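When reading the values below, keep in mind they use all heavy atoms of this one structure, side chains included, and skip hydrogens, waters and symmetry mates. Within every chain, numbering begins at 1; the chains are lettered A, B, ... in the order of the sequence lines, protein sequences first and strands thereafter. Since we're looking at a predicted model, the values are computed, not measured.
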Amino acid sequence: MPEAYYQDGGVNQEKRFSVAMQRYRDSGAGDKMNPFAEQEAWEEHQIGKATLKYGSKDRKQNSDDFQFVFEDQIDFIKASVMDGVNFEDEVPAESLDKSMEKSAFEKLQEDRKTLPIYAYRDELLQAVDNHQIGCTQPRRVAAMSVAARVSQEMGVKLGHEVGYSIRFEDCTSEKTLLKYMTDGMLLREFLGEPDLAGYSVVMVDEAHERTLSTDILFGLDIARFRPDLKLLISSATLDAEKFSDYFDSAPIFKIPGRRFPVEVHYTKAPEADYLDAAIVTALQIHVTQPPGDGDILIFFTGQEEIETAEEILKHRTRGLGTKIPELIICPIYANLPTELQAKIFEPTPEGARKVVLATNIAETSLTIDGIKYVIDPGFCKMKSYNPRTGMESLLVTPISKASANQRAGRSGRTGPGKCFRLYTAYNYYSDLDDNTVPEIQRTNLANVVLTLKSLGIHDLLNFDFMDPPPAEALLKALELLFALGALNKLGELTKVGRRMAEFPLDPMLSKMIAASEKYQCSDEIISIAAMLSVGSSIFYRPKDKQVHADTARMNFHTGNVGDHVALLKIYSSWKETNYSTQWCYENYIQVRSMKRARDIRDQLEGLLERVEIELMSNSNDLEPIKKAITAGFFPHSARMQKNGSYRTVKHPQTVYIHPTSGLAQVLPRWVIYHELVLTTKEYMRQLDQRKCLAVQDARLRIELSGAEGRFRDAHCSWIKENVSRCRTNDSRIASEPFLEEELVSVKR
DNA sequence: GAGCACTGC
C-alpha cells in the first residue's frame, strides 16, 4: 500500500475521531477530557508510526495470495494476546470424553466441579441460612437462563427451589430458596420492603456494568437495616478495589474466569472510513483463512450502518463470484424483527462462513457460537445527558477500553480467537477511557430522584453514590419534580408524588396518568403511556420499503389528531383485531413492540388500582385526554415562531417538528412534545397541541415563578444556595401565554 | 423531509 494512502486516511480518521469527541464534549458529557488530547494523540501517533512499523511479517505473504482479489488491504499489527485462563488445564480433554458416556445430569455435576468458583463453595454456603438467596442480573434473559441452568444442576424443577423473577413474569413459589432476578426487580422489591426481610444473601452479578438500578441499590446500602444480610458483588473488572473500598473494605475473592486466548491486532495507521475498513478486513479474513475455521463478527453503531455494510458486502462478494467461498451475511440489532434475528443462530453450512453485522447487542446481550474473528471499529452510540440544557441525545462515541476488551473476548468463546481493531494501539491506550461512564452520570435523573425521595432520602447531594452524578443533574430533576407537583417546597413527596413513584415510568408520564383521574380518561391515558414508553421502535422501516412504511404510518394521523392520539389509535386498532400479528405486518408495525405495549398497559392498569385511580374511558372527547397529557408534559412546551420553527420554553432554543409527526403541516401555535432528538436538526418527537389546564394546576406554577415559590430542600444546603439560579429557570416553566389564558379566566 | 445503541421497572 502506498504510504500516502495511509497518511491521507490518517488525517480523515483523526477528523472522524475528533468530530465524534467534539460532539460528545458539546453534549456536556465529556467535560473531564483533556482538551489537548487530540493534539497529543496526533503527535504520539506520528511517533507511533515510526516505531510500529516492524511486526506483521506474515501479512506480506498473505497479501500476496490475494493481491489479485482486492486493491485495498489493511495492515494490522499483532500487539498483544489476551490470556485465556488455562481452559484446557482445568478440564482435561479425557474427562470431557468420558463424560460423554454419562447421563446429562452427571455430566453437569462433573462440569460444575471443574468451575474455578467451586473451591469457594463451602465458604459461600456458610452464609446461607433458612432464608432465600437473591441473585441479580442486568438482563431478563440472563436471569431466566441462569435460573434454568442452576435448577438443572440441582435436579429440581424451575420455579420450585430455584426460580426467577422478572417484570411481567414471576416464576417463584413458597419453596424458592434461590431466586434469580433483574436488578431493577430487586430495586422495586426494596421500595416495598426496605429491609429485604425475605433474603439472607443478595448477590449482585455483573456489577461492572453499573446499571442505574445497581448504582442506586449500592448507594442505599441495602444491608443497613440488616447486619446479618450478606452482600456479594461479582464483577468482571480489574478494579475490584474500588468496589471493596466503597463497601468499607469488604474482602475480595479473585476467582479466575474461563476463556480462550485472543490475539489482538491494531491497524498500523488510523483508517479513513471504518465502515469500508471493516468490510475490507472481513473479506481479507474470509479469503485468506480456510472456510469452516470460524465466523466473523463486526461491531457497528446502528441499523443504518449495518444496512449499508450489508449492501456493500453483497455487492463486492457478488463481483467475486465463485472465486471465494460462500459468505453468509447476518445483520443483527435490537429493532430487527425477531424472525430475522433468528438467522444468526443457524449453524454455518460446510464450506461457508458467516459474517455477523451487529450493534452493541452482541457485546453483552447475546452470544453467538462459532465466532473466531472480531472486527472492532471502536465506536458505539451512547445516550448522554446535558444537565445544563436538560437535553438527552444519542451520540456516536469512542468506546472504552473495557468495552473494547469485552468485544475482543467475543472471539474467544469456543476456541482461540482474533480481534482486529480498526484503530491504532496508540488510540487504544491514549484516547479510550478505561471504563464506560456509568449510566447514572449520563442520564436524566428525574426518575432516580423520585425513587430516592419515595424511600425518604432527602439529602441527595450527600447521598453515597459510588460515582456521583453531576449536582446540576440532581437539581434539574428536583426542579422538574417540583414543577410537576410531586415535591412540595420543602422537597418532600406530595400525595401526587407518592402515586407517581408507584409507576415504573418517566415522571412526566406518571404525572399524566395521575392527572387522568381528574380528566376521567385513565383508560386512554395508560394506553398512550404504554405506547410512549415502548419508544420509537413501534414502526419497522426497512431501507427498501420506506415509502410503504411511511404511508402506513400516516394513516393513523388522519384528522390531524396529534401524535399521542395517533398512538392511541394504533393501540386500539390492534386491540380490535384481537391483537393480530398479520395486522402489524400490514401496517409496518413491530409485533414485539406492540406486545410489549400490551404488557406495560396491563401492568399500569394493575397499578391504577393500587393507587386508587378508577379506570375510566372517555374516547369520544379528545379534549380531556389532551389536558391530561399537558398536565404531565407542560415542562416540554414550545411556541411557534414566525418562520415555522419553534422555541422551547424551559431552555429557550429553536427546535422543529419532526417530519414524521402528524402535526408537521399543521403547525399549532403552542405544542407540548414528548422528547427532543438531535439529528440533522433539533427535532421534537411525539407532539400535540398544548391545552389550558384547570386553575389549581396553574396556581402551582404561579407560585413556582413567584418569590414565595422558592424551591428549598430542607436537608440540602447546596440546593438552597442555588435557588436563585433555579428561579430564573422556573419562571420559564410557567411562561406567559400558558398562564395568561388561565389568569384571564381567573380574573373573570 | 427524516434515519433510533442497549438495558431495566
Side-chain angles (χ1 to χ4, degrees), chain A residues 136-143 165-170 181-192 206 209-217 299-308 332-336 358-366 379-384 392-397 399 403 406 436 438-439 442-443 447-448 450-451 501-506 509-510 530 533-543 546-547 549-550 553-554 590 593 596 599-600 603-604 606-607 644 656-661 664-665 675-686:
Chain A
T136 74
Q137 295 289 329
R139 282 166 291 278
R140 296 160 53 88
V141 201
S165 173
I166 56 181
R167 189 184 186 183
F168 312 132
E169 210 180 325
D170 184 4
M181 66 215 293
T182 45
D183 45 26
M185 203 69 201
L186 183 65
L187 181 58
R188 275 284 143 187
E189 285 191 10
F190 188 87
L191 293 185
E206 313 275 1
E209 291 198 23
R210 303 293 305 277
T211 66
L212 261 188
S213 303
T214 52
D215 270 17
I216 296 169
L217 283 166
F299 285 97
F300 287 112
T301 64
Q303 177 178 350
E304 196 185 357
E305 266 182 26
I306 288 174
E307 284 175 346
T308 311
I332 178 96
Y333 44 90
N335 262 351
L336 192 72
T359 59
N360 252 7
I361 195 171
E363 194 177 298
T364 48
S365 304
L366 55 89
F379 292 94
C380 69
K381 276 187 188 166
M382 192 153 62
K383 198 167 78 177
S384 70
E392 279 183 317
S393 49
L394 204 56
L395 296 175
V396 174
T397 310
I399 59 173
S403 184
Q406 176 74 23
T436 308
E439 193 185 357
R442 51 185 173 85
T443 193
N447 204 14
V448 172
L450 183 62
T451 304
E502 291 288 329
F503 293 92
L505 298 170
D506 178 278
L509 287 169
S510 308
S533 61
V534 166
S536 50
S537 53
I538 285 169
F539 297 96
Y540 179 54
R541 199 166 177 274
K543 219 175 181 178
Q546 292 181 350
V547 182
D550 292 345
R553 177 196 299 225
M554 286 319 281
Q590 300 258 25
S593 302
R596 192 174 153 74
D599 286 339
I600 296 174
Q603 190 189 24
L604 296 179
L607 290 169
Y656 300 85
I657 298 188
H658 198 277
T660 55
S661 165
Q665 319 303 329
E675 59 183 354
L676 286 180
V677 289
L678 171 65
T679 51
T680 51
K681 285 180 187 171
E682 292 283 0
Y683 284 111
M684 297 179 282
R685 283 211 335 220
Q686 313 290 18

Next on the checklist: Return whichever of A/Thr680 or A/Ser165 has its heavy-atom-nearest nucleotide of DNA chain B closer to the 5' end.
Outcome noted: A/Thr680
Next on the checklist: List the residues meeting side-chain hydrogen bond (donor to acceptor under 3.5 Å, both in side chains) with A/Gln603, not counting sequence neighbours, and say none if there are none.
Outcome noted: A/Arg167
Checklist entry - Does A/Thr359 have a side-chain nitrogen or oxygen under 4.0 Å from the phosphate oxygens OP1 or OP2 of B/dC6? => result yes
Next on the checklist: Base, sugar-phosphate or nothing for A/Phe503? Non-hydrogen atoms, less than 4.0 Å.
Outcome noted: nothing
Next on the checklist: Below the 4.0 Å mark, does B/dG1 have OP1 or OP2 next to a side-chain nitrogen or oxygen of A/Thr660?
Outcome noted: no
Next on the checklist: What I want to find out is whether A/Glu209 reaches A/Arg139 closely enough, with some N-O distance under 4.0 Å, to be called a salt bridge.
Outcome noted: yes
Next on the checklist: Can you work out whether A/Ser365 or A/Arg596 has the more 5'-proximal nearest nucleotide on DNA chain B?
Outcome noted: A/Ser365
Next on the checklist: Measuring to OP1 and OP2 of B/dC6, would you say a side-chain N or O of A/Tyr333 lies under 4.0 angstrom away?
Outcome noted: no
Item to check | side-chain contact (heavy atoms from CB on, under 4.5 Å) against A/Ala334, all qualifying residues, sequence neighbours excluded | outcome: A/Ile361
Checklist entry - NA contact type, A/Lys681, heavy-atom cut-off 4.0 Å: base, sugar-phosphate, or nothing? => result nothing
Next on the checklist: Once you apply a heavy-atom cut-off of 4.0 Å, does A/Gln303 come out as touching a base, just sugar-phosphate, or nothing?
Outcome noted: sugar-phosphate
Next on the checklist: Looking at B/dT7, I'd like to know if its phosphate oxygens (OP1 or OP2) sit under 4.0 Å from a side-chain N or O belonging to A/Arg210.
Outcome noted: no
